[in-house]
Number of protein chains: 2
Amino acid sequence: MQETLCQQTLYTDHMEDEVDRLVAAWRRERPDLDVEPLEVLSRVSRLARHLDRARRLAFSEHQLEPWEFDVLTSLRRAGAPYQLSPGQLLTQTLVTSGTMTNRIDRLTKKGLVERLPDPSDRRGVLVRLTPEGRDRADEALAGLLAQERAILAQLSRPQRAELAALLRRLTAPFDNVPG
Amino acid sequence: MQETLCQQTLYTDHMEDEVDRLVAAWRRERPDLDVEPLEVLSRVSRLARHLDRARRLAFSEHQLEPWEFDVLTSLRRAGAPYQLSPGQLLTQTLVTSGTMTNRIDRLTKKGLVERLPDPSDRRGVLVRLTPEGRDRADEALAGLLAQERAILAQLSRPQRAELAALLRRLTAPFDNVPG
DNA sequence: GAACTATATCTTGAGATCGAGATTCATGAT
DNA sequence: ATCATGAATCTCGATCTCAAGATATAGTTC
């Protein structure tokens with residue numbers, strides 16, 4: 001079973017992508033450099049951009065922007081009463097504090113979240129999902145999962161698990177240190 | 001050798017990351033949904049954002065922004081005479097045409113690229129790297145590769161190859177169809 | 001309990017991106 | 001030749017993001 005997995009992955013399906021062309025170009029132009037790192041990390045960056053575009057399309061059916069989705073779902077999965085501090089939202093969405101203030105302002109105007117004073121820390125604020133915000137998040141999530149499933153159909157289930165495990169080893173250092 | 005690879009990957013090093021927490025939260029809040037796709041694609045998106053931040057830092061030593069690096073290196077690896085059409089730059093950098101026009105304007109002002117009329121198509125333009133642009137690209141690339149190597153040190157060489165192959169299967173459909 | 005240091009959030013201004021539409025030229029059919 | 005269609009690039013306005021600094025409050029040490 002594991003051998004099958006590896007053989008599949010390592011030896012079949014050599015359809016080229018832009019990164020193959022990019023790496024080949026570097027090897028021609030700069031044969032003195034080892035560009036192996038690009039094989040992984042350029043693919044990550046490019047795939048993320050493709051995903052952004054696809055998500056923007058998927059969400060437009062629900063009149064949601066990707067950034068709105070990110071904030072609303074962070075609150076949604078926090079569980080009832082669906083509230084987090086702006087600081088917690090920062091670590092989930094990986095944007096700066098100025099950006100988050102702006103996002104909360106706009107979502108408040110749209111009636112999808114509301115700001116409450118933090119009862120235990122007068123410096124702080126809590127952002128809470130409104131019932132409408134919760135519904136919008138749930139709808140959009142279902143759509144996103146359908147789209148992502150289609151993209152991942154290129155891989156078998158064990159391949160997806162393998163991929164997730166390899167990626168985790170790269171993300172964990174970022175997520176677990178001050179970063 | 002392959003068995004070793006798989007065993008390592010599948011069974012060791014279970015340091016958690018934000019996506020593990022995110023997936024656990026969804027399974028608690030929405031046990032009716034299958035959120036397995038997030039294990040892969042949320043990691044891709046988040047890792048890309050971490051990489052963006054790291055790149056911005058690495059490039060600041062060379063007074064380059066990530067977007068400048070992307071354009072300059074696209075031209076650099078095209079080989080002498082280091083020129084491409086704006087359209088070719090679009091497919092490499094995955095931005096819109098308005099963005100690319102703006103980028104070329106700014107790089108021209110900085111003296112890193114220049115615009116030439118396309119001799120074979122009077123609608124078209126060619127963007128050419130200046131000698132200084134070429135040097136800046138080469139310097140920054142070396143720095144980037146060093147940084148990326150450090151990030152990838154979490155994985156063995158065969159694991160990196162495996163990861164690249166799995167990612168290729170996801171990027172290839174985007175890169176090879178109209179998209 | 002006063003002074004410091006650290007934390008949480010917000011404000012601001014500059015810059016970058018996007019989408020839609022306009023412009024200019026190429027290509028192919030009639 | 002003329003027209004229609006399509007392609008390549010640019011223009012423009014709105015929006016989004018970031019970085020740096022400002023403000024207010026919490027802890028901590030003496």
Side-chain angles (χ1 to χ4, degrees), chain A residues 45 48-57 59-60 63-72 74 83-110 113-128 178-179, chain B residues 45 48-57 59-60 63-72 83-110 112-128 178-179:
Chain A
S45 294
R49 283 197 68 74
H50 286 304
L51 292 174
D52 258 3
R53 292 179 165 189
R55 292 205 312 164
R56 192 177 311 261
L57 226 75
F59 292 148
S60 64
Q63 272 89 45
L64 271 190
E65 300 290 322
W67 64 264
E68 296 178 296
F69 177 84
D70 287 339
V71 176
L72 296 181
S74 292
Q83 56 191 25
L84 291 173
S85 70
Q88 291 174 304
L89 287 171
L90 289 193
T91 71
Q92 301 231 352
T93 55
L94 297 178
V95 296
T96 59
S97 68
T99 300
M100 185 53 68
T101 299
N102 188 12
R103 289 184 175 187
I104 296 168
D105 288 346
R106 284 175 279 159
L107 286 170
T108 302
K109 269 182 210 143
K110 292 180 76 171
V113 308
E114 54 191 346
R115 253 188 264 252
L116 309 172
D118 183 337
S120 69
D121 183 341
R122 256 183 301 184
R123 290 171 303 180
V125 171
L126 289 178
V127 182
R128 179 154 69 191
Chain B
S45 294
R49 284 197 67 75
H50 286 304
L51 291 174
D52 258 3
R53 292 179 164 189
R55 291 206 313 163
R56 193 178 310 261
L57 227 75
F59 291 148
S60 65
Q63 272 89 48
L64 271 190
E65 300 289 322
W67 64 263
E68 296 178 297
F69 176 85
D70 287 339
V71 176
L72 296 181
Q83 56 190 25
L84 291 173
S85 70
Q88 292 174 304
L89 288 170
L90 290 191
T91 71
Q92 301 231 352
T93 55
L94 299 178
V95 296
T96 59
S97 67
T99 300
M100 186 52 69
T101 298
N102 190 10
R103 287 183 175 188
I104 296 168
D105 288 346
R106 284 174 279 157
L107 286 171
T108 301
K109 269 182 211 142
K110 292 180 75 171
L112 302 180
V113 308
E114 55 191 345
R115 252 189 264 252
L116 310 172
D118 182 337
S120 69
D121 183 340
R122 255 181 304 182
R123 291 171 303 182
V125 171
L126 290 178
V127 182
R128 181 156 66 192

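Every value quoted in this text rests on a predicted model; they were computed, and no experiment measured them. So that the names make sense, note that chain A is the first sequence line, chain B the second, and so on, each numbered from 1.
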| request: For the pair B:Lys110 and B:Asp105, find out whether any cationic side-chain nitrogen is under 4.0 Å from an anionic carboxylate oxygen. | output: no

| message | How many whole angstroms separate atom CZ of A:Arg103 from atom P of C:dT11? | response | 17 Å

| field | Spacing of B:Gln88 atom CD relative to D:dA8 atom C1', expressed in whole Å | value | 12 Å

| note | Note: for A:Arg122 and A:Trp67 on DNA chain D, the residue whose nearest nucleotide lies more 5' is A:Trp67

| remark: Separation between CG (B:Leu90) and CG (B:Leu84), nearest 0.5 Å, reads 11.0 Å

| remark: Here the distance between atom C1' of C:dA16 and atom CG of B:Asp52, to the nearest Å, is 13 Å

| query | Can you find a heavy atom in the side chain of A:Thr93 that is under 4.5 Å from one in the side chain of B:Arg49? | reply | no

| In whole angstrom, what separates A:Asp70's CG from D:dC16's P? | 13 Å

| request: Determine: side-chain N/O of B:Arg56 to OP1/OP2 of D:dC18, distance under 4.0 Å, yes or no. | output: no

| request: Kindly indicate whether the side chain of B:Arg123 and the base of C:dA26 share any N or O donor-acceptor pair separated by less than 3.5 Å? | output: no

| task | Send over the distance from A:Asp105 CG to C:dT11 C1', rounded to a whole Å. | result | 10 Å

| query | DNA chain C: A:Leu90 or A:Arg49, which has the more 5' nearest nucleotide? | reply | A:Leu90

| said: Salt bridge check, A:Arg103 against A:Glu68: does any charged N sit closer than 4.0 Å to a carboxylate O? | reply: no

| Rounded to whole angstroms, how far apart are CG on B:Leu57 and C1' on D:dC18? | 14 Å

| query | So does B:Thr99 get a side-chain nitrogen or oxygen closer than 4.0 Å to the phosphate oxygens (OP1/OP2) of C:dC18? | reply | yes

| query | D:dA8 phosphate, OP1 or OP2: any side-chain N/O from B:Arg115 under 4.0 angstrom? | reply | no

| query | Within the modelled atom types, does a donor on one side and an acceptor on the other bring the side chain of B:Ser97 and the base of D:dC10 under 3.5 Å apart? | reply | yes

| task | Tell me what A:Gly87 touches on the nucleic acid: a base, only sugar-phosphate, or nothing, going by heavy atoms under 4.0 Å. | result | sugar-phosphate

| note | Of the listed C:dC10, C:dT17, D:dT9, the closest approach to the A:Thr101 side chain comes from C:dC10

| How far apart are the C-alpha atoms of A:Ile104 and A:Arg115, what are their side-chain angles, what is the distance that settles it, and do they pass the side chain to side chain contact (heavy atoms under 4.5 Å, CB included) test? | CA-CA 8 Å; A:Ile104 296 168; A:Arg115 253 188 264 252; 3.5 Å; yes

| Between P of C:dG15 and CG of A:Asn102, the distance in whole Å | 18 Å

| task | Could you tell me the separation between the CG atom of A:Asp121 and the C1' atom of D:dT23, rounded to a whole number of Å? | result | 14 Å

